[in-house]
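Take a look at the structure below.
Along the sequence shown, the residues carry numbers beginning at 1. Just so it is clear, the model here is predicted, and its values are computed rather than measured.
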Amino acid sequence: MKKILSTFSIGSALALSSTVFAVDYSDDIHKNDYKWLQFNLMYAYEELPRDPEAHSGHDYLEMEFGGRSGIFDLYGYIDIFDLTESSASDKDGKPKMFMKFAPRVSLDAVTGKDLSFGSVQELYFATLFNWGGGTEADFEPNNSFWGIGSDINVPWFGKVGLNFYGHYNITAKDWNGYQISTNWFKPFYTLDNGSFVAYQGYIDYQFGGGSSFQGNSQASHGGVMFNGFYWHSDRYSVGYGFKLYNDVYLIEDTNAFESTGISHYVAATYKF
């Protein structure tokens, strides 16, 4: 199962990488509207969490989308696993689909006021939903996250998303700790034809959980960091990324079921 942000369109890349300033929405809340859509053909090698005896990896198709419309800021994707129905895939016989949906509501646009301060450029009511994508342990990340979000200006990186959430498990119908998330997209080398290479990624870190949740043992903290290096043109992107895991999804790492380690991804993208 893939849990986050892998690539961006050119439009969102430039929006996230440039130096930005507070935006006045008092005259027109649609002044910064944009949207993007792309399809990513991907392969994941030893994605966690996983049974160490499982096959090494799987192919999948990802429809990724995002944009801004008035008060709403949106990022999301839908993954379809094991396109070739290969018996050598670690997704063989497992659920075919996973979805991430992350809408945020701009508090600046809702109030019509400039809420920026310091390096914080904009504030949001932030949500995040993860649905589907079970694993060998019948783990289904049907989770929701609710909290406050922001866009901040960081030296070298430019515009970076930073969100703080409370974690509500939809399946268990109970709260289970907190999560802090950040994401970035930094073009760092431009070729003569205008295409560029970017460092892009994210961190999702959960904390504040107990040693157990509804009678089941769990880690009290854990998370994942994705580091991607992608070449981008107007219509295409190709790249490689790796994820670093530590007790991801608060699953305790054991010899029988691994949740700590590293996995690898390659991707080829077409942008609409």
Side-chain angles (χ1 to χ4, degrees), residues 1-6 44 47-52 54 58 60 62 64-66 72-81 90-91 93-105 124-150 161-183 201-226 243-254 256-261 263:
M1 171 189 44
K2 178 176 174 294
K3 192 177 178 288
I4 179 41
L5 181 114
S6 57
E47 188 172 55
L48 297 175
R50 62 183 283 108
D51 181 340
H58 59 270
Y60 62 103
E62 179 175 86
E64 191 176 19
F65 54 87
F72 294 104
D73 175 90
L74 176 64
Y75 173 77
Y77 61 76
I78 300 172
D79 288 343
I80 307 297
F81 301 122
D90 60 2
K91 290 293 186 181
K94 304 299 187 297
K96 294 287 290 185
M97 185 178 294
F98 172 77
M99 179 175 182
K100 178 188 182 79
F101 188 61
R104 302 191 300 176
V105 176
Y124 300 87
F125 169 64
T127 64
L128 168 63
F129 302 89
N130 297 318
W131 294 303
T135 66
E136 291 84 347
D138 295 323
F139 169 70
E140 287 282 353
N142 297 315
N143 296 326
S144 64
F145 299 83
W146 307 79
I148 191 75
S150 64
L162 179 64
N163 305 306
F164 176 79
Y165 309 101
H167 170 210
Y168 183 77
N169 187 300
I170 299 172
T171 302
K173 304 293 190 297
D174 201 0
W175 295 92
N176 186 18
Y178 307 92
Q179 178 167 302
I180 187 167
S181 299
T182 185
N183 57 75
Y202 71 91
I203 298 172
D204 285 337
Y205 180 73
Q206 290 183 259
F207 63 97
S211 59
S212 65
F213 177 63
Q214 295 200 344
N216 297 312
S217 177
Q218 68 168 22
S220 61
H221 57 88
V224 58
M225 179 183 186
F226 177 75
K243 287 184 183 179
L244 302 173
Y245 298 86
N246 179 55
D247 289 339
V248 66
Y249 310 125
L250 301 185
I251 298 172
E252 295 176 308
D253 186 65
T254 67
F257 196 64
E258 298 175 343
S259 61
T260 297
S263 62

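- Looking at heavy atoms from C-beta onward, Val248 lies out of side-chain contact with Lys243 at the 4.5 angstrom threshold.
- Surrounding OH of Tyr168 are more than 12 heavy atoms belonging to other residues, nucleotides or ligands, all under 6.0 Å away.
- In this structure, Thr127 OG1 and Tyr165 OH are separated by 7.0 Å, a value rounded to the nearest 0.5 Å.
- Under the side chain to side chain donor-acceptor pair (under 3.5 Å) rule, Asn176 has a single partner from Gln206, Gln218, Gln214, which is Gln218.
- When every heavy atom of Ser181 is checked against every heavy atom of Asp204, the shortest pair comes out as OG-OD1, 2.7 Å.
- Distance check, rounded to the nearest 0.5 Å: CD1 of Ile170 to CH2 of Trp131 gives 6.5 Å.
- The heavy-atom pair separating Ala172 from Phe213 by the smallest distance is CB-CE2, 3.6 Å.
- Ser212 places no side-chain N or O within donor-acceptor distance of the main-chain N or O of Gly215, the cut-off being under 3.5 Å.
- The two residues Asp253 and Glu258 come nearest to each other via the heavy atoms OD1-CA, 3.2 Å.
- Residues Gly166 and Tyr178 share a closest heavy-atom pair of CA-CD2, 4.0 Å.
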Side chain to side chain contact (heavy atoms under 4.5 Å, CB included) between Ile180 and Leu162, worked out | CA-CA 7 Å; Ile180 187 167; Leu162 179 64; 4.1 Å; yes

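- When side chains are defined from C-beta on, Phe125 counts as touching Trp146, because their heavy atoms get closer than 4.5 Å.
- Contact annotation: the side chain of Tyr249 never approaches that of Ser259 to less than 4.5 Å [non-hydrogen atoms, C-beta and beyond].
- Taking CE from Met97 and CD1 from Ile80, the interatomic distance works out to 3.5 Å, rounded to the nearest 0.5 Å.
- Inter-residue side-chain proximity for Asp247 and His221 is flagged as unmet; no heavy-atom pair is nearer than 4.5 Å.
- The backbone N or O of Ile203 lies less than 3.5 Å from no partner atom in the side chain of Thr182, so there is not a single donor-acceptor pair.
- The CG atom of Asn142 lies 7.5 Å from the CG atom of Asn169; values are rounded to the nearest 0.5 Å.
- Atom-to-atom distance recorded for Tyr205:OH and Gln179:CD is 11.0 Å, nearest 0.5 angstrom.
- The CD1 atom of Ile251 sits 11.5 Å away from atom OG of Ser217, with the distance rounded to the nearest 0.5 Å.
- Across Arg104 and Ser150, no two heavy atoms sit closer than the pair NH1-O, 3.4 Å.
- Ring orientation note: the planes of Phe98 and Tyr77 are tilted relative to one another, at an angle of 30° to 60°.
- Residue Phe101 comes nearest to Leu74 through the heavy atom pair CE1-CD1, 3.4 Å, listed as atom of the first residue, atom of the second, then distance.
- Within the 4.5 Å cutoff, no side-chain heavy atoms of Tyr75 are placed close to those of Asn183.
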